[in-house]
Amino acid sequence: MDKLEQSIVLLKQAAAEYSGEVVFACSFGAEDVVLLDILDKQNIDIRVISLDTGRLPQETYDVMEKWRKKSDLNIDIYFPDADAVEAMIKQDGVNLFYDSVEKRKTCCEVRKIQPLKRALSGAKAWVTGLRGEQAGSRVDMQAVEDDKTFGIKKFNPLIMWTEQDVWDYIKSNDVPYNALHDKFYPSIGCAPCTRAISVGEDPRAGRWWWEQDDAVAECGLHANPIKK
Ligand code: SF4
């Protein structure tokens, strides 16, 4: 069985074991559009959600819209709580993430974690596009694991895929993807917290790049954070 077939089997397993209670959290990054394409083509019944933090790059909205028009997938978009955003900005300003790691994490909590918790409430499992070869302590990840952050099962169908596998799939299947990937953005998050990387830089060097080298380059969506 090749990697694609293994991924399809795992997604079907998730849909069968957790029928109506499994969620794919899609950021429209390269790995996630591969999973969208597989779900769409294989007609696998897994609910798709995405987080609109309110600070996404236009290119992310553009690919989101391409998928809405192209596929029959019903993608639910979750937003941050308006009162929580207003209170945060009133206290620390719109660009608080540049002031300290603590404030950056507060922003991620309000704009990402809380909406994701709402999206996952009632779910017993979720699906991610994480790959095993992605650097750092994620190397100990499993295809199916207990998610300590959310207390549910976590399926990682692309665990065996390389970056080359992802792009081979995207190109050979003409999959819509985020145009920022063509501008040296391997990892894409919110616009003010993502920059292009240079040749030889770590793929996640463009995320929260102003923080200290030993700062944890994660927003809290996944346990086992990566050190820069
Ligand atoms: S990535 Fe930046 S803008 Fe987005 S939620 Fe985190 S701190 Fe806020």
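For clarity, every value in this text was computed on a predicted model and none was experimentally measured. Residue numbers count from 1 along this sequence. Both ligands and their constituent atoms are indexed starting at 1 by order of listing.
- Residues Phe155 and Trp126 keep their aromatic ring centres 6.0 Å or farther apart.
- When distances to atom 6 (Fe) of ligand 1 are checked against a cut-off of 2.8 Å, Cys108 contributes an N, O or S atom below that limit.
- Atom numbering of ligand 1 starts at 1 in the shown order; those under 4.0 Å from a heavy atom of Arg104 are 7 (S).
- The hydrophobic cluster around Tyr185 extends to Leu180, Ile188, counting ILVMFWY residues whose side-chain heavy atoms fall within less than 4.5 Å of a member.
- A donor atom on one side chain and an acceptor atom on the other are found under 3.5 Å apart for Lys171 and Tyr177.
- Close approach of ligand 1 to Arg111 is summarised as follows: ligand atoms under 4.0 Å from at least one heavy atom of the residue are 5 (S), 8 (Fe).
- Atom 8 (Fe) of ligand 1 lies at 2.8 Å or more from every N, O or S atom belonging to Cys193.
- Residue pairs meeting the salt bridge (Lys or Arg N to Asp or Glu O under 4.0 Å) criterion with at least one partner in residues 1-20, sequence neighbours excluded, are Lys3-Asp165.
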